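What follows is a set of notes on a single structure, which appears directly below.
Numbered from 1 within each chain, the chains take letters A, B, ... in sequence-line order. Just so it is clear, the structure is predicted and the values come from calculations on it, not from any experiment.
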There are 2 protein chains.
Amino acid sequence: MSSSSGAAPTFTETARRAQIVQAAITTVNELGYPRASLAEIARRAGVAKSAIVYYFASKDMLLLHVVEHVFTALDDVRDKAVAAHTDPAAQLRAYVGSHLAHVDGHRPEITAGIEIVVSHRGPDGIPLYLTATDEDTALLRRILGDGMAQGVFRQLPLRLAVDVVEALLDTVTTQLQRDPTADLGTLREEIPTIVFRALAAPE
Amino acid sequence: MSSSSGAAPTFTETARRAQIVQAAITTVNELGYPRASLAEIARRAGVAKSAIVYYFASKDMLLLHVVEHVFTALDDVRDKAVAAHTDPAAQLRAYVGSHLAHVDGHRPEITAGIEIVVSHRGPDGIPLYLTATDEDTALLRRILGDGMAQGVFRQLPLRLAVDVVEALLDTVTTQLQRDPTADLGTLREEIPTIVFRALAAPE
DNA sequence: ATAGGATTAGACCGTACGGTCAAGACGCAA
DNA sequence: TTGCGTCTTGACCGTACGGTCTAATCCTAT
C-alpha cells in the first residue's frame, strides 16, 4: 500500500515519492502543465505510469503534493527569517529578502509550483489550488497590519498593500518564466527598495 | 471559403466570426482554458464545431485571433491616452489610468485574453503568445526612458522599471481573476500613486 | 526457505479532444 | 429554373489522456 496513513513509510516509498515529485517538477518545467502527462512524468522518473498512481492516488494528488512541497518550503524560509526580527520594517525587509533569495536558489521548484497552481483546474473548471485568500498571506498581513498601526507604513487597505507586495515579488518569478537562467541580482537589490518606497509612511 | 485573404469578407462571415470570438471569451471565462474545447465554444456560439474550423483554420488560430482582438484594443486605448500629453510624467499617468479604466470596463475580454496568453502552449510546450519582450512594451519603455533621461523618474534599469509598472498593473487583473465582480475603485485610485512612488526621482 | 505483503511493469479500457469529410441547405445571379 | 459559390451540419477518425487490472517480482521477517 502507498502508506497514506497508518504505519511508517517504507524506505523505498519515501525514495520513490521524492523521485517522482522531482520528475514531475522537471516535466512541468520542460513541457509545461498541459503536456505534463502521467506518461511523461513516468518516463522522466524511469518508472511505469502505474507506479505513480500506486504511490500517489492520482495525478491530481501528485500535483497537490508537489505544490505543498514547494510552497511550504518557501513559507518556512520566510517564517524563519521574519521571526528573527521584531519591528515591522525589519520584518518586511526579512520577508522580502528571504523570499527573493529562496526563489533565486530554487528556480525549478518555484516555476513548476507556480505553473501548477495557476493552471490546474477542478473537474468543473474552478481553480483548485489558487485560493490565495487568508492562510497564505497571513504572515504578510500581520506584518503590514502591525506596521500601519505603528505608523511605519502608510495607511492603505490591507488587502491592497498585500497585493502590491506580492505583485512586486511576482516580478521575479515572471522574469524566471521568461528566462530560467536570468540574473536576478538587480531585482534582488531593487525590489526591496521599491516595496518600501510604495509602503513607507510619509515623514 | 473563410476569406483569410483576397476578396472582402461576407456579411455573415464577419458576424459569425465576431459571434464565435465572443463565445470563445465566455467559454474561457466560464470553464477556464483547459476545458474550453471546440465543442464547448461551439455550443455557446450555437453552431457546429466544424463551423468554427471553417471560419478560423484551427482552434489555435481562433485563440490567436481572440488574443489579438483583446490586446490591440487595450493597446489602442493606451496609445490614444498617452498621445494627448507630452511630458513623461503626464504620459505615464495617462498610460496607467487608461489601462486601469479599460481593464475595469472590459473585464470578460481581459480575463479571457490573459488566461489564453498564460496557458496556451505550442506543440512542444513552449509558450506561444507569451513573448512580452519588445513590441508590447515599446510605448511604456519609451515613456520611462524619456522620463529617466529628463530626470523625472529615478535611474533604474529600464527593463526593471517596465516590469515593476506592469506588475503593479497586473494587480488589477489578479484581483479580477479572484473575483470578476470586484470593486476596483480603491485600486484605480491607489495604483497610480504607488507607481509614481516607486519611480519618482528623489527631490 | 518460504509465506505474505510491498512493489513494479505492461496490457488494457473508456473518454474527450481537435480535426476531417461528404452531403446537403441557402441565396443569388443568369 | 437552373447553376454555383457560400455556408452549415452531424457523423466519423486518430490520438492522447488518466486510470484500472493482472500477473509477476522483490524484500523482509520468521
(message) Please pick, from C/dG10, D/dT9, D/dG19, the nucleotide with the shortest atom-to-atom distance to any side-chain atom of A/Leu38.
(response) D/dG19
(request) Taking only the side-chain nitrogens and oxygens of B/Arg16, find out if one of them lies under 4.0 Å from OP1 or OP2 of D/dT6. (result) no
(request) Please check the phosphate of C/dT7 (OP1 and OP2 only) for any side-chain N or O of A/Tyr54 closer than 4.0 Å. (result) yes
(message) Given 3.5 Å as the limit, does a donor-acceptor pair link the side chain of B/Arg44 with the main chain of B/Ala24, or not?
(response) no
(request) Give the nucleotide from the list D/dG18, D/dT8, C/dG19 with an atom nearest to the side chain of B/Ser58. (result) C/dG19
(message) Nearest whole Å is fine: how far is C/dA6 C1' from A/Arg17 CZ?
(response) 14 Å
(request) Find the distance A/Leu31:CG to D/dA16:P and express it as a whole number of Å. (result) 14 Å
(message) Any base atoms under 4.0 Å from A/Ser50, or only sugar-phosphate, or nothing? Heavy atoms, all strands.
(response) base
(request) Rounded off to whole Å, could you give me the CD-to-C1' distance for the A/Glu40 and D/dG18 pair? (result) 14 Å
(request) Mark yes or no: B/Lys80 above the aromatic ring of B/Tyr95, with NZ or CZ under 6.0 Å from the six-membered ring centre and no more than 45 degrees from the axis. (result) no
(request) Specify the separation, in whole Å, of atom CZ of B/Arg43 and atom P of C/dC17. (result) 11 Å
(message) Rounded to whole Å, how long is the line connecting atom CE of B/Met61 with atom P of C/dG18?
(response) 15 Å
(request) Nearest whole angstrom, please: distance from the P of D/dC17 to the OH of A/Tyr33. (result) 13 Å
(message) Looking at C/dC17, I'd like to know if its phosphate oxygens (OP1 or OP2) sit under 4.0 Å from a side-chain N or O belonging to B/Ser37.
(response) yes
(request) Would you check if there is a donor-acceptor pair between the side chains of A/Thr181 and A/Asp179 at a distance under 3.5 Å? (result) yes
(message) What I want to check is whether an N or O donor and acceptor connect the side chain of A/Lys49 with the base of D/dG19 at under 3.5 Å.
(response) yes
(message) What's the separation between atom CG in A/Leu187 and atom OG1 in A/Thr173, rounded to the nearest 0.5 Å?
(response) 10.0 Å
(request) Please state how far atom NZ in B/Lys59 lies from atom P in C/dA16, giving the value in whole angstrom units. (result) 15 Å
(request) Round to a whole Å and report the spacing from CG of B/Leu63 to P of C/dG18. (result) 9 Å
(message) For B/Gly46 and A/Ala39, find the nucleotide of DNA chain D closest to each by heavy atoms; which residue's nucleotide sits nearer the 5' end?
(response) B/Gly46
(message) Tell me whether B/Lys49 forms a cation-pi arrangement with B/Phe56, defined as NZ or CZ under 6.0 Å from the six-membered ring centre and within 45 degrees of its axis.
(response) no
